Amino acid sequence: MADCIFCKIAAKEIPSTVVYEDEQVLSFKDLEPQAPFHALVIPKRHVESVGALTAEDKDVIGHIMCEVIPAIARDNKLDKGFRVVANTGDEGGQTVKHLHFHVLGGRSMQWPPG
Ligand code: 5GP
Ligand code: ZN
């Protein structure tokens, strides 16, 4: 999608520090890390948010949740635990309108979030 920063990162038009990549999915380090480990995981195909997902996205979201995120956690030794967050929409705190899962680890997380 034109003017989408994460589409540009997926297309390698904007550089990023890649954590994981396959045909459908890219994971890269967050520019402003909120924890010692902070990566974003995106489907390469543009979809705005969790709220915009449809049955067509089942395979890629299942792949992200069941394979990609557990592999990232293993590879980055997040064995003590980690947090997966998908901010959704303006009140959900989503600033980039291309679906992404934050994977945060390496420190103790607080709850509830602000
Ligand atoms: P959101 O607030 O939408 O849940 O998260 C967007 C995240 O994207 C933020 O944590 C922000 O630091 C990160 N971000 C925004 N622009 C870029 C960028 O150009 N490169 C990288 N690596 N991260 C970005
Ligand atoms: Zn996009």
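Numbering of ligands and ligand atoms starts at 1, following listing order. Excluded from the calculations below are hydrogen atoms, water molecules and symmetry mates; all remaining heavy atoms, backbone and side chain alike, are included. Note that the coordinates shown come from a computational prediction; the quantities given were computed from them, not determined experimentally.
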Minimum heavy-atom distance Ile42-Phe6, with the two atoms named: CD1-O, 3.7 Å
[X] near ligand 1 by a heavy-atom separation under 4.0 Å:
| X | result |
| --- | --- |
| Ile9 | yes |
| Ser16 | no |
| His100 | yes |
| His102 | yes |

Answer yes or no: are there more than 12 heavy-atom neighbours, outside [X] itself, under 6.0 Å from its atom [atom1]?
| X | atom1 | answer |
| --- | --- | --- |
| Asp59 | CG | no |
| Met109 | CE | yes |
| Glu91 | CD | no |
| Asp90 | CG | no |

Flag side-chain contact, heavy atom, 4.5 Å: Ile69 against Phe101: yes
Phe28 and Thr17, any side-chain heavy atoms less than 4.5 Å apart: no
Identity of the N, O or S atom of His46 lying closest to the Zn ion (ligand 2): ND1
Less than 3.5 Å between some nitrogen or oxygen of [X] and one of ligand 1, yes or no?
| X | result |
| --- | --- |
| Ile5 | no |
| His38 | no |
| Val96 | yes |

Which atoms of ligand 1 sit under 4.0 Å from any heavy atom of [X]?
| X | result |
| --- | --- |
| Thr95 | 1 (P), 2 (O), 3 (O), 5 (O), 6 (C) |
| Gln94 | 3 (O) |
| Phe6 | 8 (O) |
| Phe28 | 21 (C), 22 (N) |
| Glu32 | 12 (O) |

Per-residue contact class, Thr17 against ligand 1 - non-hydrogen pairs under 4.0 Å: neither
How close does the nearest protein non-hydrogen atom get to [atom], and which residue and atom is it?
| atom | result |
| --- | --- |
| atom 10 (O) of ligand 1 | Asp30 OD2, 2.5 Å |
| atom 22 (N) of ligand 1 | Lys29 O, 2.8 Å |
| atom 24 (C) of ligand 1 | Leu31 CB, 3.8 Å |

Check: His100 ring centroid to His98 ring centroid under 6.0 Å: no
NZ/NE/NH1/NH2 to OD/OE distance under 4.0 Å, Asp79 and Arg74: no
N-O pairing of Lys12 and Glu21 below 4.0 Å: yes
Metal site angle (apex the Zn ion (ligand 2)), ND1 from His98 and SG from Cys4, 10 degrees: 110°
Polar side chain donor-acceptor pair, His63 to Glu67, under 3.5 angstrom: yes
